[in-house]
Peer 1: 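Would you mind keeping the following structure in view while I ask a few things?
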Amino acid sequence: QKEVEQDPGPLSVPEGAIVSLNCTYSNSAFQYFMWYRQYSRKGPELLMYTYSSGNKEDGRFTAQVDKSSKYISLFIRDSQPSDSATYLCATTRDSNYQLIWGAGTKLIIKP
Amino acid sequence: ETGVTQSPTHLIKTRGQQVTLRCSSQSGHNTVSWYQQALGQGPQFIFQYYREEENGRGNFPPRFSGLQFPNYSSELNVNALELDDSALYLCASSPIAGGKYNEQFFGPGTRLTVL
């Protein structure tokens, strides 16, 4: 079993829809949770990070962590075609620099 | 401010050969991490360099080695290439070593194909 599980998709939604992307993880020691966006032929770029449980909002993006169920989510409001990319979740322990990554979900926003 | 750059962009090698990939860190960053990303997978941590020394290593064999130079740029060397080494190799730089997971900035990667 992988430490971080993520549905590879693709997930296709119409422009303007609310998108929900999710990951599950197995190790309760993970404390920090990140979402990265990766466009084709590019390196990942950090979108959001959260510590422990709770929500964090940044513009159209909301990251949510539920440590009790080991479930992390990224919500995108008012989705745009430019949001079409692969979204990767990643996590790490408190003092561990090594990120453990999900496989990524390919998101397609249709105009 | 210059971002993380990597060279070459693409590379084709044959099994058994050796390859060197290069990374220039973002200005002001002294730590470099290397990742391997197979098609359709998330990145896998290879190792990290801080102050020219290896500062942690993932589950990769010794034929994966690296260097960091005084200007904080870095090289990833892979010997005795295998077909499964075909992947996107990502370099990420960060301002300080350890723990600053949220400050890793990635380069565009080098696409390595092993035939």
Side-chain angles (χ1 to χ4, degrees), chain A residues 2-11 21-26 29-52 56 58 61 63 65 72 74 85-107, chain B residues 3-10 21 23-26 29-50 54-60 76 87-113:
Chain A
K2 292 182 179 180
E3 289 190 275
V4 179
E5 299 277 2
Q6 186 175 9
D7 188 332
L11 175 63
L21 301 166
N22 308 292
C23 289
T24 59
Y25 64 95
S26 58
F30 292 142
Q31 297 278 2
Y32 297 88
F33 306 91
M34 281 72 71
W35 284 95
Y36 283 80
R37 178 175 61 195
Q38 186 173 24
Y39 290 113
S40 180
R41 304 180 188 280
K42 300 288 187 182
E45 59 175 320
L46 180 66
L47 278 177
M48 303 279 290
Y49 79 95
T50 53
Y51 171 71
S52 193
K56 187 171 184 178
D58 184 2
F61 298 90
V65 176
I72 56 178
L74 178 70
T86 295
Y87 289 79
L88 298 135
C89 61
T91 181
T92 186
R93 297 180 180 89
D94 190 11
S95 59
N96 190 335
Y97 52 80
Q98 182 176 146
L99 297 179
I100 309 298
W101 298 75
T105 298
K106 184 173 183 178
L107 175 65
Chain B
V4 178
T5 60
Q6 293 186 242
S7 62
T9 305
H10 297 89
L21 310 181
C23 171
S24 291
S25 61
Q26 185 163 320
H29 289 187
N30 60 13
T31 303
V32 173
S33 302
W34 285 92
Y35 294 83
Q36 180 194 67
Q37 187 177 22
L39 196 62
Q41 300 296 317
Q44 297 290 315
F45 176 73
I46 302 175
F47 43 57
Q48 183 184 79
Y49 276 83
Y50 172 63
E54 190 177 288
N55 186 42
R57 188 179 185 93
N59 189 26
F60 279 82
L76 165 64
L88 180 68
Y89 287 85
L90 294 163
C91 168
S93 73
S94 51
I96 64 174
K100 288 294 184 178
Y101 51 88
N102 58 317
E103 292 187 277
Q104 290 197 23
F105 295 86
F106 284 81
T110 294
R111 174 74 61 187
L112 173 64
T113 302

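In what follows, chains carry the letters A, B, and so on, assigned in the order in which the sequence lines appear, proteins first and then strands, with residues in each chain numbered from 1. All values reported here derive from a predicted model rather than from experimental measurement.
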Peer 1: Atom CZ of B:F45 and atom CD1 of A:I100: how far apart are they, to the nearest 0.5 Å?
Peer 2: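 If we round to the nearest 0.5 Å, B:F45:CZ and A:I100:CD1 are 9.5 Å apart.
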Peer 1: Contact part of B:Q6 toward chain A, heavy-atom cut-off under 4.5 Å: side chain, backbone, both or neither?
Peer 2: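 Neither part.
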Peer 1: Quick one: closest heavy-atom pair of B:L90 and A:P44, and the distance?
Peer 2: CD1-CD, 3.7 Å
Peer 1: Suppose we screen for ring-ring contact (aromatic ring centres under 6.0 Å, His included). Which residues come up paired with A:Y39, at least two apart in sequence or across chains?
Peer 2: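 By the ring-ring contact (aromatic ring centres under 6.0 Å, His included) rule, A:Y39 matches no residue at all.
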Peer 1: I'd like to know which of B:G40, B:A92, B:P43, B:G42 tops the heavy-atom pair count under 4.5 Å against chain A.
Peer 2: B:P43
Peer 1: Go through A:P8, A:A90, A:G43 and name the one with the most non-hydrogen pairs under 4.5 angstrom from chain B.
Peer 2: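 Maximum pair count with chain B is reached by A:G43.
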Peer 1: Tell me whether A:K56 at atom NZ has more than 12 heavy atoms from other residues, nucleotides or ligands lying less than 6.0 Å away.
Peer 2: yes
Peer 1: Let me know if A:Q38 has heavy atoms under 4.5 Å from chain B in its side chain, its backbone, both or neither.
Peer 2: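 A:Q38 touches chain B through side-chain heavy atoms alone.
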Peer 1: What's the separation between atom CE in A:M34 and atom CD in B:Q104, rounded to the nearest 0.5 Å?
Peer 2: 8.0 Å
Peer 1: Partners of B:Q44 by side-chain hydrogen bond (donor to acceptor under 3.5 Å, both in side chains), sequence neighbours excluded?
Peer 2: none
